[in-house]
Amino acid sequence: MARVKGSRNADYEKERERLLEAVRVRLLAKDGAQASFRELAEVAGVSVATLRHYFGSREALLAEVMTDMHRRGLPFLHAAATELHGPVRESLEWFLQQLLMGWRMGVGEVHAFGLTASVGHETLGPVYVQELLEPTLQSAEARLSRHIAEGELRRCDVRHAALELVCPVVLGLLHQVQLSGSRCRPLDVERFLADHLETFLRAHGVDPESPAPTRPRKPGRPA
């Protein structure tokens, strides 16, 4: 049976995935975000015209790479948002350790690429926020919301609290790893995470020894 005009054969998506993988590897390498469209075509083993046929433009290609990175990270983001790991201190300690471990296993390169390609870019900037930065923040929001609902954290603007929890860690890891701050201004990352969590819990935690708020008596009821 002839293929319907305008439809894509099965090989199209398979080849597109192959090209995306080859380009992703190059983009996550050092200085990868500066690679030209021609260089990306060369590492993928195709002509510029062929790469343009599959992705349209360099900008669209980079946006698709960020979307693909988001898809790859979904199982980890889901775990960060929903897995149960004890009361609030143990839970948030686990979350921060997962962030640290993920960063060392390649998440840092993903964010370095996204930031380098997107800062100051009116199209790619929102793609980076939506596909790479916000998913991490939203997983923190989900975890914090559960502890607020359980009475372990004070009620607050959860989005603000997620930024307070995640952003210092991301900046510290960028400082040490991607910016090579460990060479000129080394940081004990494990100690930093412990201190950061302590500060966060002092600001947002509920003191278990504080008296529960009393409910106002209804008029006419005896004291």
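Side chains included, hydrogens not; waters and symmetry mates left out as well; all remaining heavy atoms used.
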Treat each ILVMFWY residue as a node, draw an edge where side-chain heavy atoms are under 4.5 Å apart, and state whether [X] and [Y] are in one component.
X: Leu187; Y: Leu193; result: yes
X: Leu77; Y: Val158; result: no
X: Leu74; Y: Met101; result: no
X: Leu28; Y: Val43; result: no
X: Val107; Y: Val25; result: no

How many angstroms lie between [atom1] in [X] and [atom2] in [Y], if you round to the nearest 0.5 Å?
X: Arg155; Y: Ser145; atom1: CZ; atom2: OG; result: 10.0 Å
X: Leu27; Y: Glu109; atom1: CG; atom2: CD; result: 13.0 Å
X: Leu133; Y: Met66; atom1: CG; atom2: CE; result: 11.5 Å
X: Phe76; Y: Glu83; atom1: CZ; atom2: CD; result: 11.0 Å
X: Glu17; Y: Tyr12; atom1: CD; atom2: OH; result: 11.0 Å
X: Gln97; Y: Glu90; atom1: CD; atom2: CD; result: 13.0 Å

Which pair of heavy atoms, one from [X] and one from [Y], lies closest together, and at what distance?
X: Ala112; Y: Thr116; answer: O-OG1, 2.7 Å
X: His196; Y: Pro168; answer: CE1-CG, 3.7 Å
X: Gly114; Y: Leu132; answer: CA-CD1, 4.4 Å
X: Arg154; Y: Ala203; answer: NH1-O, 3.0 Å
X: Ala33; Y: Arg58; answer: O-NH2, 2.6 Å

Under 3.5 Å, side chain of Arg18 to main-chain N/O of Ala44, donor-acceptor pair present?
yes

Would you say Arg52's side chain and Ser57's backbone share a donor-acceptor pair under 3.5 angstrom?
no

Taking the side chain as everything from C-beta on, heavy atoms only, tell me whether [X] gets closer than 4.5 Å to [Y].
X: Val206; Y: Glu152; result: no
X: Arg146; Y: Leu84; result: yes
X: His78; Y: Pro75; result: no
X: Leu165; Y: Phe95; result: yes

Run Leu19 and Phe55 through side-chain contact (heavy atoms from CB on, under 4.5 Å) and show every step you take.
CA-CA 10 Å; Leu19 295 173; Phe55 296 100; 3.9 Å; yes

Is the shortest side-chain N to carboxylate O distance from Glu21 to Arg24 below 4.0 Å?
yes

Please determine, by modelled atom types, if Gln178 and His111 share a side-chain donor-acceptor pair under 3.5 angstrom.
no

Evaluation steps, side-chain contact (heavy atoms from CB on, under 4.5 Å), between Leu62 and Leu40
CA-CA 10 Å; Leu62 266 58; Leu40 295 175; 4.3 Å; yes

